[in-house]
Amino acid sequence: QVQLVESGGGLVQPGGSLRLSCAASGFTLDDYAIGWFRQAPGKEREGVSCIRSSDGNTYYADSVKDRFTISGDNAKNTVYLQMASLKPEDTAVYYCAAAPYCSAEDYTYWGRGTQVTVSS
C-alpha cells in the first residue's frame, strides 16, 4: 500500500527553523519525485520544493529559495525539508506528494499534511 506520512510541523517563532519529514512506503524514492506543497487558509495550494533522487534534480519556489533545503535519504525512504529563517507568511499546512517528475501536472500520491505555524 502506497503511503506518504509527513511529520515535524509545529509552532515556531519568526526567524526559527523546522525540519519536515516525508516518510514513503509502498514504493521507493528512486522511482518518484517527491514534492512539498503548502496551503494557507484562504489561499491556493503552492508548490514549495521538489526532489528527484534518481537524478538529483531539485526545485525551489522563489519565495523559499535560500531559506529551505530539500534532501532525500533513500535508505530511510524519506525526504526532508529543512526550513530556516521562517516568516509568518510561511504558515500553512505542508503536504508531500509523489509524481514521476517534479514538473508533473498531477501528483499521484499525497500525504495528509503537517501544520507549520510561524508566530511570536
Side-chain angles (χ1 to χ4, degrees):
Q1 181 181 359
V2 173
Q3 194 173 16
L4 294 170
V5 179
E6 304 94 338
S7 62
L11 173 64
V12 63
Q13 292 186 344
S17 300
L18 279 177
R19 189 179 78 160
L20 304 184
S21 299
C22 173
S25 58
F27 67 95
T28 62
L29 295 183
D30 283 341
D31 297 330
Y32 285 88
I34 300 295
W36 282 98
F37 297 81
R38 67 186 181 185
Q39 189 164 22
K43 294 188 176 181
E44 292 188 356
R45 187 174 62 201
E46 173 190 18
V48 173
S49 184
C50 184
I51 185 169
R52 193 165 187 267
S53 297
S54 60
D55 53 25
N57 284 343
T58 58
Y59 159 84
Y60 296 95
D62 288 342
S63 58
V64 306
K65 204 169 291 183
D66 299 327
R67 299 190 298 122
F68 290 10
T69 304
I70 193 169
S71 62
D73 184 337
N74 284 9
K76 295 183 178 180
N77 225 33
T78 299
V79 169
Y80 303 99
L81 186 68
Q82 180 69 48
M83 307 186 294
S85 302
L86 283 162
K87 305 174 182 179
E89 50 264 44
D90 294 317
T91 296
V93 178
Y94 283 70
Y95 302 89
C96 64
Y101 298 94
C102 285
S103 58
E105 289 188 3
D106 296 315
Y107 276 64
T108 308
Y109 307 112
W110 288 83
R112 293 188 174 184
T114 185
Q115 175 72 47
V116 172
T117 302
V118 184
S119 175
S120 54

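Note that the structure is predicted; figures quoted are calculated from it, not measured. We use all heavy atoms of the structure for the numbers below, so side chains are in, but hydrogens, waters and symmetry mates are not.
Under the rule for a side-chain hydrogen bond (donor to acceptor under 3.5 Å, both in side chains), Tyr32 has no partner lying at least two apart in sequence or in another chain. Residues passing the salt bridge (charged side-chain N to carboxylate O under 4.0 Å, His left out) test with Asp55, sequence neighbours excluded: Arg52. In this structure, the salt bridge (charged side-chain N to carboxylate O under 4.0 Å, His left out) partners of Glu46, at least two apart in sequence or on a different chain, are Arg38. In this structure Asp62 satisfies the salt bridge (charged side-chain N to carboxylate O under 4.0 Å, His left out) test together with Lys65, sequence neighbours excluded. Take Arg67 and apply the side chain to side chain contact (heavy atoms under 4.5 Å, CB included) test, not counting sequence neighbours, and it matches Val64, Ser85, Lys87, Asp90. In this view, Ser25 and Gln3 satisfy the side chain to side chain contact (heavy atoms under 4.5 Å, CB included) rule, not counting sequence neighbours. Listed by chain and residue number, Asn74 satisfy the side-chain hydrogen bond (donor to acceptor under 3.5 Å, both in side chains) test with Asp30 (two or more places apart in sequence, or in another chain). Ser103 pairs by the side chain to side chain contact (heavy atoms under 4.5 Å, CB included) definition with Tyr101, not counting sequence neighbours. Listed by chain and number, the residues in a side chain to side chain contact (heavy atoms under 4.5 Å, CB included) with Ser7 are Ser21 (sequence neighbours excluded). The side-chain hydrogen bond (donor to acceptor under 3.5 Å, both in side chains) test applied to Thr28 returns Asp31, not counting sequence neighbours.
Heavy-atom minimum distance, Gly113 versus Glu6: N-OE1, 2.8 Å. The nearest pair of heavy atoms linking Leu86 to Leu18 is CD1-N, 3.9 Å. Nearest approach of Ala92 to Ala40, heavy atoms of both residues: CB-N, 3.8 Å. Gly47 and Ala61 make their closest contact through O-CB, 3.4 Å (heavy atoms, listed as atom of the first residue, atom of the second, distance). Between Val116 and Gly9, the shortest heavy-atom distance links the atoms CG2-CA, 4.1 Å. Closest non-hydrogen pair, Ile34 versus Ala98, comes out as CD1-CB, 3.7 Å.
Connectivity analysis of hydrophobic side chains (ILVMFWY, heavy atoms under 4.5 Å, direct or indirect) links Tyr80 to nothing; its cluster partners are none.
Contact of the Thr91 side chain with the Gln115 side chain is registered, since non-hydrogen atoms from C-beta on lie closer than 4.5 Å. Between Ser49 and Leu81, the closest side-chain pair of non-hydrogen atoms falls below 4.5 Å. For the pair Leu20/Met83, a side-chain contact is recorded, criterion being any heavy-atom separation below 4.5 Å from C-beta on. Here the side chains of Asn57 and Cys102 are not in contact, with every heavy-atom distance at 4.5 Å or above. Side-chain contact check for Phe27 versus Leu4: some heavy-atom pair is nearer than 4.5 Å.
In this structure, Leu29 CG and Cys22 SG are separated by 8.0 Å, a value rounded to the nearest 0.5 Å.
Residue pairs meeting the ring-ring contact (aromatic ring centres under 6.0 Å, His included) criterion with at least one member in residues 33-72, sequence neighbours excluded, are Phe37-Tyr107, Phe37-Trp110.
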